[in-house]
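Structure, as structure tokens:
Ligands are counted one by one from 1 in listed order, and the atoms in each one are counted from 1 as well. These figures come from a predicted structure and were not determined experimentally.
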Amino acid sequence: MKTEILGVQFDNLTRQEAAQRGAELLEENQFHYVVTPNPEFLLAAEGDREFRNILNEADLVLPDGIGVVYSAKILGTPLKGRVPGIEFAQDMLECLNEKGGRLYLLGAKPGVAEEAGRRILERYPQIVLCGTHDGYFKDEQAVLLEVAAARPDLLFVCLGAPKQEKWMARWGKHTGARLAIGLGGCLDVFAGNVERAPEAWRKLGLEWAYRLKQEPSRASRMARLPLVLVKAAGERAKGKKKAGEDQ
Ligand code: UDP
């Protein structure tokens, strides 16, 4: 069942249900991709139809930010909860580890994917790290050839949105991977360069505030995010008005 928030169709799943579905996708012998939209995605998708279509055509659309969860509530169609991309990624690593599958890490600044890979292997030793590439490349096709030659099962694409979603939609099926996930800044977290908010902050729905504290330069980017809630409230009011008129 999908829940629409400002034009994007989210899967209404718990973390466990998402992991279960992801594990099934990882078993199937064809390409799938997963997106993890946060409020910034929703604002970008409003003015970018290609991006919105790519999000809606994904095999799984997981609500990454607390702002998405609040918006769903305001719209009167609450989601079961937040499924942060990094947690879904960990669940897929767990799954890949059990199978001894192949992982490719694409994105972030030079050196970050290698360090992320090193740390991932410490925790998930059965995984085969079949390749890494930084996210600052010009020739998309050349990178595609490198990824395909490495024959990954699971591919993390961490180029920031909407670049990573557009890359997955355009090239994903040619990589030979079973599952690609767009994961924004996750390689920086796996590499230990950026710290996730402590559990207490996360439980309070304040992961965004912790991130702002760590990276104050994000302030101008984040300032627009409450706009998503305002837009959701506007949609709800419009819906109520229409329901009143129809009666
Ligand atoms: N990035 C990249 N190539 C680019 C632009 C960004 O690999 O052309 C990387 C960047 O280094 C960072 C990630 O993509 O690791 C995006 O992080 P951002 O903070 O934008 O994503 P979020 O976590 O907010 O989704």
(message) Taking distance alone, with N or O pairs closer than 3.5 Å, would you say Cys186 contacts ligand 1?
(response) no
(message) Between Arg119 and Glu122, does any side-chain N to carboxylate O distance fall below 4.0 Å?
(response) no
(message) Any heavy atom of Arg211 closer to ligand 1 than 4.0 angstrom?
(response) yes
(request) State, without any angle test, whether Glu165 and Tyr33 hold a side-chain donor-acceptor pair at a distance under 3.5 Å. (result) no
(message) As a check for students: among Met222, Gln164, Lys163, identify the option with a heavy atom nearest to atom 8 (O) of ligand 1.
(response) Lys163
(message) More than 12 heavy atoms of other residues, nucleotides or ligands under 6.0 Å from NZ of Lys99: yes or no?
(response) yes
(message) What protein heavy atom lies closest to atom 9 (C) of ligand 1? Include the residue and the distance to one decimal.
(response) Cys158 O, 3.6 Å
(message) Taking the basic N atoms (NZ, or NE/NH1/NH2) and the acidic carboxylate oxygens, is any pair closer than 4.0 Å for Glu24 and Arg178?
(response) no
(request) May I ask you to decide if Ala150's main-chain N or O and Arg102's side chain share a donor-acceptor pair within less than 3.5 Å? (result) yes
(message) Looking only at side-chain N and O atoms, does Trp171 offer a donor or acceptor that is under 3.5 Å from a partner on Glu140?
(response) yes
(message) Quick test: of every protein heavy atom, which one is nearest to atom 24 (O) of ligand 1, and how far off is it to 0.1 Å?
(response) Arg218 NH2, 2.9 Å
(message) Starting from atom 3 (N) of ligand 1, what is the nearest protein heavy atom, named by residue and atom, and what distance separates them?
(response) Gly135 O, 2.7 Å
(request) Measure the distance from atom 15 (O) of ligand 1 to every protein heavy atom, then report the residue, atom name and distance (to 0.1 Å) of the closest one. (result) Asp188 OD2, 2.5 Å
(message) Just to be sure I'm reading this right: ignoring hydrogens, which of Phe41, Tyr136, Phe137 gets closest to atom 4 (C) of ligand 1? Compare them by their nearest heavy atoms.
(response) Tyr136
(request) If the plane angle is over 60° it's perpendicular, under 30° parallel, otherwise tilted; pick one for Phe51 and Phe41. (result) tilted
(message) Just to check, does Arg221 reach to within less than 4.0 Å of ligand 1 when the distance is taken from its heavy atoms?
(response) yes
(request) Looking only at distances, please establish whether an N/O atom of ligand 1 is found under 3.5 Å from an N/O atom of Gly107. (result) no
(request) Distance to 0.1 Å, residue and atom name: give those for the protein heavy atom nearest to atom 5 (C) of ligand 1. (result) Leu159 O, 3.4 Å
(message) Using heavy atoms and a 4.0 Å limit, tell me yes or no: is Leu187 in contact with ligand 1?
(response) no
